[in-house]
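One structure is given here, and the rest of the page talks about it.
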Amino acid sequence: MSGKYKLIIFLIITLAAGLRLFKVADTPHDLYIDEVSIGYNAFSILKTGTDEWGEKFPLYFKAFGEYKLPVYIYTVALFQAVLGKTSLSVRLPSVLAGVLTVFFFILLVKILSTNKKLALLSGLLLAVSPWHLQFSRAGFEASLSLFFIVLATYLFILGIRKNMLFIIISAIFFFMSLYTYFVSRIFVPLLILALIIIFSKQILALFKNKKNIVYFSFLTLLSLLFVPGLFSARGFVRASSLSFLSTVRISPDIFWENRFFLSLTAFLQNYIKNLSIDYLFFMGDQQGRHSVREIGQNYFWLLPFFLTGFGLIIKNKNKLNSLFLAFLLITPLASALTNINPHALRTLYLIVPLTFISALGLYSLLKSRKFFTILITFIFTYYFINYLHVYYVHYPKKTSPDWWGGYKEAIGETVKRSVSYDKVYLTRDLTFGKQFLGFYGPFPIPVNFEFVSSPFNLKDSSEKFLYLAPFWEKWDGTRLMEFKDRGGDGQFILWEN
Amino acid sequence: MGELGFCHLSDLIKEINLRLLSDITTDGGVPIWLVRMLHNKIAVGAFLASRCYFQYLDPAQIVTFVSPFLLPFIVYAFIAKKGRKILLTFILIMPLIFIFTLKSLSLGTKIYLYKGIFLLMAFWGFMKLNWKFRSGK
């Protein structure tokens with residue numbers, strides 16, 4: 001790699017790191033419930049070797065009954081060993097994964113295209129991508145899973161070109177992604193199949209070397225280690241609760257409205273919704289944690305370049321284009337099987353082909369056109385600043401309830417004041433209160449903390465206690481503090497008797 | 001934007017004004033020069049006008065009114081070389097017709113018109129595919 005190329009990579013990675021690390025612990029929001037659950041279970045593992053339900057080093061974490069996958073939680077436990085039970089320890093694995101994804105994405109495009117400028121442009125677009133920033137600035141398992149997949153794909157290519165040992169390492173990361181995020185259990189096998197088809201000649205040539213047959217045997221043994229856990233009944237709980245089939249309404253009197261035909265139609269519609277232009281480039285996922293909602297998953301000005309790039313990959317069927325086309329077509333399959341579409345988290349892997357194809361279109365139109373380069377640089381800078389403004393100013397105010405706004409402050413203050421009281425009552429309106437208390441409060445949860453239904457009737461007026469009530473409750477006591485979310489809506493009030 | 005995604009110029013103008021009002025209201029405490037720089041009719045208008053235009057070409061909008069099983073034929077109509085330029089020209093102009101005219105049409109009529117256009121494209125794609133197989137190319 002030339003010095004100038006290395007310097008530009010360094011600058012892109014620094015930009016990616018800066019954007020992801022800046023105020024990540026509490027901006028735009030504090031931890032939401034899944035992050036708190038991850039942090040709580042990770043700390044429990046660190047301190048006791050068991051999860052919140054008392055199971056020793058589980059492969060699947062029961063949590064709320066959806067059985068979370070283990071890799072991200074154990075990774076957070078490692079970070080907590082250094083950083084303690086903090087919001088940063090929960091988010092940092094996702095942040096670092098996001099930054100490294102940008103790095104390995106550059107290497108992946110470079111190794112396949114041998115075009116340094118295209119690789120750098122792809123990396124830059126991923127570094128500033130609203131979609132990637134959204135999920136790599138919070139404790140989302142999908143971010144870590146995406147990193148494993150990009151790294152594994154890069155190592156796979158390296159393996160077929162240089163040394164099969166890289167394919168072994170690639171397999172390890174593919175397997176890890178299967179235990180990081182559920183969607184990868186559908187995506188990764190199909191991606192591996194696509195890789196085998198696209199690089200079939202190179203793979204067959206590898207077996208002419210006897211040493212590689214030994215490596216392949218080792219790879220098969222490795223699979224025996226990772227695969228059985230995939231078929232645990234706990235691994236299917238989440239999938240069955242989200243199946244799109246529950247939304248299909250058959251009409252027994254109408255022949256063509258039978259279950260098979262309607263299910264297939266629903267599946268195809270779900271699939272197409274994840275490739276919707278409005279969702280990808282204009283309005284994004286309207287779920288409050290999945291996008292800023294005023295901008296698409298990607299910048300809208302990239303759309304013409306994406307369409308140009310898409311035309312180019314259809315026209316020029318080389319290995320690079322085939323791989324990213326496979327990525328594009330395979331990713332929505334998993335989400336299409338679920339009941340909510342489009343879904344920015346379940347289709348996060350789309351960011352890879354989307355970014356590459358947009359970069360390809362941009363590169364093909366800009367090369368040796370200085371005027372357009374200046375114009376695009378201006379448009380890029382303007383809408384990037386606009387995105388940062390929306391993310392840091394609009395987004396916190398408009399989506400605080402989606403991130404359980406006000407919970408951290410309410411729990412923190414209650415715990416701080418609890419030392420002076422015999423008892424602390426917390427309303428059951430504090431959804432998932434046990435997990436929030438377990439994470440933001442002392443571990444284990446003190447016995448004098450009790451959850452009660454609201455409105456709360458006084459039990460013993462001589463006892464000195466605190467009561468964390470819902471905002472709507474007019475309680476007969478001394479009002480100490482009120483807690484609002486970042487949008488200014490009241491959430492809880494702390495009372496003493 | 002617009003009723004069931006059928007955006008008209010009047011919807012666009014209304015949306016631009018609403019969006020600016022919402023954004024400027026949210027920006028309490030932000031320096032006024034920054035508010036004006038980021039929330040102005042040109043930037044917001046470019047964004048929403050593009051959104052309005054591409055809504056008509058959005059695959060998700062198409063499959064709302066046309067069976068998804070016809071989508072491959074619609075795509076093939078654009079891939080095959082025969083008549084591609086005319087088709088592309090028509091499809092790029094079609095949203096402008098809906099945006100700048102046809103306001104007086106009822107929603108139902110617009111849906112039938114939109115559906116009809118893509119059904120014809122699917123038919124054209126099917127015919128091209130049929131010719132391709134018959135000619136053995």
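What's counted below: heavy atoms across the whole structure, side chains too, no hydrogens, waters or symmetry copies. Proteins come first, then strands; the chains are lettered A, B, ... in the order of their sequence lines, and each starts at number 1.
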Heavy atoms only, distances under 4.5 angstrom: which of B/Ala60, B/Gly29, B/Ser50 has the most pairs with chain A? Name it, please. B/Ser50
From A/Tyr387 OH over to B/Leu38 CG, what is the distance, rounded to the nearest 0.5 angstrom? 14.5 Å
Within 6.0 Å of CZ in B/Phe78, more than 12 heavy atoms from elsewhere: yes
Gap separating the NE2 atom of A/His389 from the CG atom of B/Asp27, nearest 0.5 angstrom: 3.5 Å
What closest approach, in Å, do A/Tyr382 and B/Ala43 show between heavy atoms, and which atom pair accounts for it? OH-CB, 3.1 Å
Does atom NZ of B/Lys115 have more than 12 heavy-atom neighbours from other groups under 6.0 Å away? no
Can you tell me how far the CG atom of A/Asn386 sits from the CZ atom of B/Phe47, to the nearest 0.5 Å? 9.0 Å
Qualifying residue for side-chain contact (heavy atoms from CB on, under 4.5 Å) with B/Val63, from A/Leu268, A/Asn270, A/Ile272, A/Thr265: A/Ile272
Under a 3.5 Å distance rule, please check whether B/Arg51 uses its side chain to pair with a backbone N or O of A/Met283 as donor and acceptor. no
For B/Leu48, is it the side chain, the backbone, both, or neither that has a heavy atom closer than 4.5 Å to a heavy atom of chain A? neither
With the side chain counted from C-beta on, respond yes when A/Lys398 and B/Ser22 share a heavy-atom pair under 4.5 Å apart, and no when they do not. yes
What do you reckon, is CD of A/Glu482 surrounded by more than 12 foreign heavy atoms closer than 6.0 Å? yes
May I ask you to check whether over 12 heavy atoms, not counting those of B/Phe69, lie within 6.0 Å of atom CZ? yes
With rounding to the nearest 0.5 angstrom, report the NZ to OG1 distance, A/Lys273 to B/Thr64. 7.5 Å
Most heavy-atom pairs under 4.5 angstrom with chain A, which of B/Ala46, B/Gly5, B/Gly28? B/Ala46
Pair B/Phe54 + A/Phe281: ring centers closer than 6.0 Å: no
Main-chain N/O of A/Asp278 paired with B/Asp58 side-chain donor or acceptor, under 3.5 Å: yes
A/Phe310 CZ: over 12 foreign heavy atoms closer than 6.0 Å: no
Which region of B/Met37, side chain (C-beta onward) or backbone (N, CA, C, O), has a non-hydrogen atom less than 4.5 Å from a non-hydrogen atom of chain A, or is it both or neither? both
Quick one, B/Gln55 with A/Ile277, criterion side chain to side chain contact (heavy atoms under 4.5 Å, CB included). Give me CA distance, side-chain angles, the key distance, then yes/no. CA-CA 7 Å; B/Gln55 264 179 221; A/Ile277 292 175; over 6 Å; no
Select, from A/Ile314, A/Leu280, A/Leu303, A/Leu275, the one with the greatest count of heavy-atom pairs under 4.5 Å involving chain B. A/Leu303
Gap between atom CZ of A/Phe261 and atom OG of B/Ser67 - 0.5 Å precision: 5.5 Å
In this structure, are over 12 heavy atoms from other groups packed under 6.0 Å from A/Tyr392 atom OH? yes
Is A/Ile379 close to chain B through its backbone or its side chain, or both, or neither, when contacts mean heavy atoms under 4.5 Å? neither
How close do A/Glu294 and B/Arg19 get, counting heavy atoms only, and between which atoms? O-NH2, 2.8 Å
